Protein chains: 2
Amino acid sequence: MRIGELAARTGVSKDTLRFYEKIGLIEGDRLPNGYRDFPPETVTWLEYVRTAQALGFTLAEIARHGAELRDAPDSAEALSALFEDKIRIVDARMAALAALRADLTARVGTGCPLRAAERTG
Amino acid sequence: MRIGELAARTGVSKDTLRFYEKIGLIEGDRLPNGYRDFPPETVTWLEYVRTAQALGFTLAEIARHGAELRDAPDSAEALSALFEDKIRIVDARMAALAALRADLTARVGTGCPLRAAERTG
DNA sequence: CTAGACAGCGGAGTACGCTCCAAGGTCAAG
DNA sequence: CTTGACCTTGGAGCGTACTCCGCTGTCTAG
């Protein structure tokens, strides 16, 4: 599909898509007239990109993951290892969030804003 | 305390601390000689800043929270509301992480990298 | 053939979050 | 009085992630 359709389907602007192609985050062929031609799975990939990005992964990291996936397209084990790595990162982030949540919960009801978690004695 | 000690205690560089002061994220007095003089609770505040930042809050957001806390220093209810807001945000982020985790888990073992969660039929 | 939608390219600009630098002031110790 | 650690300021520069712009090319419909 051409860039306009991809933009419409994913909500990612054309400029951003060109930028993503430039940094290797997405890949596509070219039509005889020079227009970009993206495969349909790019939509899925971009959804994944958005999610990963929202979770704090940089585009460079995400691009690297995509590249690794392309490098080992048949090795289910390599893929599993990669995903498990990401799961570990996600777990760590969730733990951090849980800690902040507990911290916030503890502060709710106490009246100390910046001094916060200090032993209220 | 002066900027060097604050930097040493928090692991935040002096340059960054001056930058934080410039954007209103931290506040301090001045000694007669012009040196910055930060109150001890700035250490706690910066730890909080680091955590919040790691979770994806921008410095502007964090500064705003700090300002709101300063505006309503006695209103425990306002504080609780603010913290509860943040807890909701944290919960949303945790849900997103859980979704990504599930997604990743589902992909582990399947051999489809970019096409990923597509109904493998 | 012309209009209009769509595409391409390169380059500038923006916002965020630092990071480094140069030139200079302050202060305690020797 | 000098040395050295510590502090000041302003401004430049950097990496990330876009975003906008102007100009030009392509294709389809009337």
Side-chain angles (χ1 to χ4, degrees), chain A residues 1-40 42-43 45-67 86 89 93 96 100, chain B residues 1-40 42-43 45-67 86 89 93 96 100:
Chain A
M1 90 192 59
R2 287 178 306 175
I3 197 167
E5 188 183 345
L6 184 58
R9 283 206 198 171
T10 60
V12 178
S13 78
K14 293 183 212 173
D15 272 334
T16 300
L17 289 172
R18 290 191 197 101
F19 171 72
Y20 282 178
E21 193 199 40
K22 197 162 74 182
I23 64 171
L25 189 61
I26 59 174
E27 276 178 33
D29 292 333
R30 291 295 177 129
L31 298 170
N33 61 11
Y35 289 10
R36 286 171 184 80
D37 185 28
F38 295 103
T42 310
V43 174
W45 174 239
L46 282 170
E47 285 161 9
Y48 173 80
V49 168
R50 275 279 171 263
T51 310
Q53 198 184 6
L55 297 173
F57 297 100
T58 66
L59 296 185
E61 283 171 333
I62 302 168
R64 217 174 298 134
H65 294 155
K86 294 197 85 175
I89 294 169
R93 279 176 202 267
L100 182 67
Chain B
M1 88 192 62
R2 287 178 307 176
I3 197 168
E5 188 183 344
L6 184 56
R9 282 206 200 171
T10 60
V12 177
S13 79
K14 294 183 213 170
D15 272 334
T16 299
L17 290 173
R18 290 192 197 100
F19 170 71
Y20 282 178
E21 193 199 40
K22 198 164 73 183
I23 65 171
L25 189 60
I26 60 176
E27 276 177 32
D29 293 333
R30 291 295 177 129
L31 297 170
N33 61 12
Y35 290 8
R36 287 171 183 81
D37 184 28
F38 295 103
T42 311
V43 174
W45 173 240
L46 282 169
E47 285 161 8
Y48 174 79
V49 169
R50 274 280 171 265
T51 309
Q53 197 184 7
L55 298 172
F57 298 100
T58 66
L59 295 185
E61 283 170 331
I62 301 167
R64 219 173 298 133
H65 294 154
K86 294 197 83 174
I89 294 169
R93 278 174 203 268
L100 182 68

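A note on names: the letters A, B, ... follow the listed sequences, proteins ahead of strands, and every chain is numbered from 1. All figures in this text were calculated on a predicted structure; none of them were measured in a lab.
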### Task
With side-chain contact (heavy atoms from CB on, under 4.5 Å) as the test, would you mind laying out the steps for A:L46 and A:L17 before giving the verdict?
CA-CA 10 Å; A:L46 282 170; A:L17 289 172; 3.5 Å; yes

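One atom, CE of B:M1, and another, P of D:dC6, lie 16 Å apart when rounded to the nearest Å. Rounded to an integer number of Å, the gap from CZ of A:R30 to P of C:dA7 is 12 Å. Following rounding to the nearest Å, B:L17 (CG) and C:dC18 (P) show an atom-to-atom distance of 10 Å. Rounded to whole angstrom, the span from the CZ atom of B:F57 across to the P atom of C:dG17 amounts to 13 Å. Going from atom CD1 of B:I3 over to atom C1' of D:dA5 covers 15 Å, rounded to whole Å. With rounding to whole Å, B:Q53 atom CD is found 16 Å from D:dT16 atom P. The interatomic distance linking A:D29 (CG) with C:dG8 (C1') rounds to 16 Å, in whole Å. Summarising the geometry, the separation between CZ on B:F19 and P on D:dT8 is reported as 17 Å, rounded to the nearest angstrom.
Of the candidates C:dC21, D:dA17, C:dC6, the closest approach to any side-chain atom of A:R2 belongs to C:dC6.
Applying the 4.0 Å criterion to OP1 and OP2 of C:dT19, one finds that B:T16 has a side-chain N or O inside that range. Side-chain N/O atoms of B:R18 include one lying less than 4.0 angstrom from OP1 or OP2 on D:dT8. Side-chain N/O atoms of A:K14 include one lying less than 4.0 angstrom from OP1 or OP2 on C:dA7. Within the structure, a side-chain polar atom (N or O) of A:Y20 is placed less than 4.0 Å from OP1 or OP2 of D:dC18. Contact check, B:S13 against C:dC18: no side-chain N or O comes under 4.0 Å of OP1 or OP2.
In this structure, B:R50 and B:Y20 approach most closely via the heavy-atom pair NH1-OH, 3.2 Å. Between B:I26 and B:W45, the closest heavy-atom pair is CG2-CD1, 3.8 Å.
For the pair B:R36 and A:R50, both in contact range of DNA chain D, the more 5′-proximal nearest nucleotide belongs to B:R36. When each of B:T58 and B:N33 is assigned the nucleotide of DNA chain C bearing its nearest heavy atom, the one mapping closer to the 5' terminus is B:T58.
Between the side chain of B:Y35 and the base of C:dG25 there is at least one donor-acceptor pair of N/O atoms closer than 3.5 Å.
None of A:E21, A:K14, A:K22 except one satisfies the side chain to side chain contact (heavy atoms under 4.5 Å, CB included) rule with A:R18; the exception is A:K14.
Side-chain atoms of A:D37 do not come within 3.5 Å of backbone N or O of A:R2 as any donor-acceptor pair.
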